[in-house]
Each structure stands twice: as structure tokens, then as C-alpha cells.
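For reference, the structure discussed in these notes is given below.
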Amino acid sequence: KAAAAALGRFNTDTRDEAPQPSEAQTLQLPDSVEFDNWQDAEAYPVSRIIDGDTIELKTETGLVKVRLIGVDTPETVHPSKPVEHYGREASLFLKNLLRGESVHVVYGQERVDQYGRTLAYLYRVPDGLFVNLEIIRQGYGHVYTQFPFKHMELFLAYQGWARDVG
């Protein structure tokens with residue numbers, strides 16, 4: 001009887017509707033989303049995580065540094081900047097996401113940045129997780145809007161959602 005009374009105080013009636021997310025927590029996606037054909041893209045093993053938005057891949061020609069398109073995370077290895085707040089957390093998140101994994105590489109409009117790094121969208125093997133977007137969705141980075149890119153609207157929608165839900 002005591003347990004039933006305690007449960008009653010917490011309104012455990014299963015006939016109640018599930019709580020609806022507040023308007024601020026509703027994800028507003030762009031009207032149209034163009035998806036990459038990542039399944040046909042070459043896959044490479046991840047060699048190491050350099051920081052929260054840059055990795056190194058093992059290719060048949062050697063190690064290649066890859067900068068994730070559309071994502072910017074706090075600095076941890078910049079030669080002239082100190083480690084920024086949450087930079088280590090962003091790097092650790094990417095390490096945990098890609099440790100021991102391979103990724104499909106889909107190139108953007110520009111293939112190489114001014115520092116010689118390959119620019120790409122990454123999709124984790126075998127589940128196809130869109131790595132660039134996952135960093136934004138989980139709040140470990142923000143959308144890098146200095147240069148336009150194919151998925152900018154989608155990334156901005158998820159960034160707004162991540163900020164709203166905290």
C-alpha cells in the first residue's frame with residue numbers, strides 16, 4: 001500500500017500523453033537536405049586524432065591530414081594560440097567516436113585548404129555516422145561559416161537545436 005501511495009504521488013498513470021518538447025527544443029530542419037553518396041566513397045583507417053576537427057588517415061600513399069568541412073572546435077594544438085576552453089573535451093569526443101575505426105571520405109568543393117590538409121566529410125564505417133554533423137549535434141563544435149559548404153543549412157539547424165537543449 002505504501003508503494004502504491006508513493007507511486008500515486010509521482011503521477012505514474014501510463015494513460016497520460018508523453019510530454020511534448022518545447023518549441024525551442026524542436027529541431028527545424030531545412031526544407032531539402034542533399035545527402036552524400038558515402039557508401040561508394042573510399043574508406044580509410046583513422047591513424048590519430050589531431051584535435052576536435054582534424055584527423056590523420058592511413059592511405060595507400062601514407063598518412064594524410066584531414067580537416068572536417070563545416071566544423072570548428074576549440075584549439076588544442078595551434079602553434080600560436082593557447083589551448084582554448086573545451087578544446088580537450090572536443091578532441092576527446094572525436095577520439096572516442098573514431099578510436100579503432102575507419103571512415104568513408106567524401107570531398108567538398110575544395111579538396112585542400114591553405115595548410116595542405118585534405119578537406120572532407122567523414123562517415124564512420126560501418127554505421128555511416130556523419131562525423132562532421134555529430135560534432136555539431138553533440139555541441140563539441142560550431143558551424144564554420146567562413147566558407148560556404150553543401151550542408152551549411154543542416155549544420156546550422158543542428159547547432160541551434162544543440163544550443164536550445166543545452
For Gln39, which residues count as a side chain to side chain donor-acceptor pair (under 3.5 Å) partner, sequence neighbours excluded? none
List in chain and number order the residues that pass side chain to side chain donor-acceptor pair (under 3.5 Å) with Tyr123, two or more places apart in sequence or in another chain; answer none if no residue qualifies. Asp36
Pairs meeting criterion side-chain hydrogen bond (donor to acceptor under 3.5 Å, both in side chains) with involvement of residues 130-139, two or more places apart: Glu134-Arg137, Glu134-Gln138
First locate atom [atom1] of [X], then atom [atom2] of [Y], and finally report the distance between them rounded to the nearest 0.5 Å.
{"X": "Leu133", "Y": "Leu154", "atom1": "CG", "atom2": "CG", "answer": "5.0 Å"}
{"X": "Ile136", "Y": "Thr73", "atom1": "CD1", "atom2": "OG1", "answer": "9.0 Å"}
{"X": "Tyr121", "Y": "Phe130", "atom1": "OH", "atom2": "CZ", "answer": "6.0 Å"}
{"X": "Thr145", "Y": "Gln159", "atom1": "OG1", "atom2": "CD", "answer": "8.5 Å"}
{"X": "Asp164", "Y": "Gln28", "atom1": "CG", "atom2": "CD", "answer": "10.0 Å"}

Neighbour count >12 (heavy atoms, 6.0 Å) for atom NZ, Lys65: no
Treating Ile, Leu, Val, Met, Phe, Trp and Tyr as nodes and any side-chain heavy-atom pair under 4.5 angstrom as an edge, say whether [X] and [Y] lie in one connected cluster.
{"X": "Val103", "Y": "Leu63", "result": "no"}
{"X": "Tyr158", "Y": "Tyr144", "result": "no"}
{"X": "Leu122", "Y": "Val112", "result": "no"}
{"X": "Ile55", "Y": "Val125", "result": "no"}
{"X": "Phe147", "Y": "Val143", "result": "no"}

Under a 4.5 Å cut-off applied to non-hydrogen side-chain atoms, are [X] and [Y] in contact?
{"X": "Leu94", "Y": "Val131", "value": "yes"}
{"X": "Val106", "Y": "Ile69", "value": "no"}
{"X": "Val66", "Y": "Val105", "value": "no"}

For Tyr140 and Val71, run side-chain contact (heavy atoms from CB on, under 4.5 Å): C-alpha distance rounded to whole Å, both residues' side-chain angles, the deciding distance at 0.1 Å, then the answer. CA-CA 9 Å; Tyr140 286 96; Val71 179; over 6 Å; no
Those residues at least two apart in sequence (or on a different chain) that pass ring pair (Phe, Tyr, Trp, His ring centres under 6.0 Å) with Phe149 are Phe155
Residues two or more places apart in sequence or in another chain: which of them pass ring pair (Phe, Tyr, Trp, His ring centres under 6.0 Å) with His142? none
Nearest heavy-atom approach of Ser91 to Gly52 is OG-N, 3.3 Å
Using a 3.5 Å cut-off and no angle test, enumerate the donor-acceptor pairs between side-chain atoms of residues 43-51 and protein atoms at least two apart in sequence or in another chain.
unit_1, atom_1, unit_2, atom_2, d
Ser47, OG, Glu56, OE1, 3.4
Arg48, NE, Glu56, OE1, 3.2
Asp51, OD1, Asp53, N, 3.1
Asp51, OD1, Thr54, N, 3.0
Asp51, OD1, Thr54, OG1, 3.3

